[in-house]
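The block underneath contains the structure these notes are about, expressed in structure tokens.
Position 1 is the first residue of the sequence; numbering continues from there. Every heavy atom of this structure was used, including side-chain atoms; hydrogens, water molecules and symmetry mates were not. These figures come from a predicted structure and were not determined experimentally.
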Amino acid sequence: MMTMVSESNRLGVAAGSLAEKYAEKLGLNILTLPFTVKPISQKMVLHNKHNKSQAHIWVRNKLLDYLSQIENKQ
């Protein structure tokens, strides 16, 4: 989306961290939204047959650890 915005006279909305990462590379201006945005709640959903799978438990835990690190940085 940001590449398309950079090649047009359109605007786009992206997470601040993502916009900051690519703004200089794509020649984008970062502006503050003129309204407040509610945080988006995310949930992990999986089929019951994977509840006891050690591989799936490992992946879920890795994802949760990574996401909690990101959340703590903000």
Side-chain angles (χ1 to χ4, degrees):
M1 182 268 306
M2 289 191 292
T3 304
M4 290 188 298
V5 169
S6 73
E7 297 172 353
S8 70
N9 62 350
R10 307 286 187 208
L11 59 88
V13 178
S17 58
L18 191 61
E20 290 168 2
K21 183 174 182 176
Y22 292 102
E24 188 175 334
K25 293 175 187 174
L26 297 173
L28 299 171
N29 294 319
I30 299 176
L31 306 172
T32 304
L33 293 174
F35 51 87
T36 57
V37 179
K38 292 181 183 177
I40 297 172
S41 176
Q42 297 180 3
K43 298 188 186 311
M44 190 180 305
V45 179
L46 58 137
H47 194 280
N48 285 338
K49 74 178 183 179
H50 300 302
N51 281 344
K52 295 181 182 174
S53 164
Q54 291 301 311
H56 282 87
I57 291 169
W58 180 84
V59 168
R60 289 195 306 266
N61 288 335
K62 289 292 183 185
L63 283 169
L64 291 171
D65 288 345
Y66 177 74
L67 293 172
S68 68
Q69 290 174 15
I70 291 173
E71 189 174 90
N72 291 335
K73 288 182 182 178
Q74 297 174 357

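For I30, the CD1 atom is densely surrounded, since the number of other residues' heavy atoms within 6.0 Å is greater than 12.
Following chains of ILVMFWY side-chain contacts shorter than 4.5 Å, one can reach V5 starting from L26, so the two form part of one hydrophobic cluster. Residues L28 and L18 share a hydrophobic cluster, clusters being chains of Ile/Leu/Val/Met/Phe/Trp/Tyr side chains in contact below 4.5 Å. Put simply, M1 and Y22 are part of the same group of oily side chains (I, L, V, M, F, W, Y) that touch within less than 4.5 Å, one to the next.
Under a 3.5 Å cut-off, the side chain of S53 and the backbone N or O of H50 do not form any donor-acceptor pair.
No side-chain heavy atom of H56 sits under 4.5 Å from any side-chain heavy atom of L46. Between M44 and R60, some side-chain heavy-atom pair lies under the 4.5 Å cut-off.
Distance check: E7 CD to M2 CE gives 12.5 Å after rounding to the nearest 0.5 Å.
Through direct or relayed side-chain contacts under 4.5 Å between Ile, Leu, Val, Met, Phe, Trp and Tyr, V13 connects to L33, F35, V37. Cluster partners of L31: none. The rule joins Ile, Leu, Val, Met, Phe, Trp and Tyr whenever side-chain heavy atoms lie under 4.5 Å apart, and it links nothing here.
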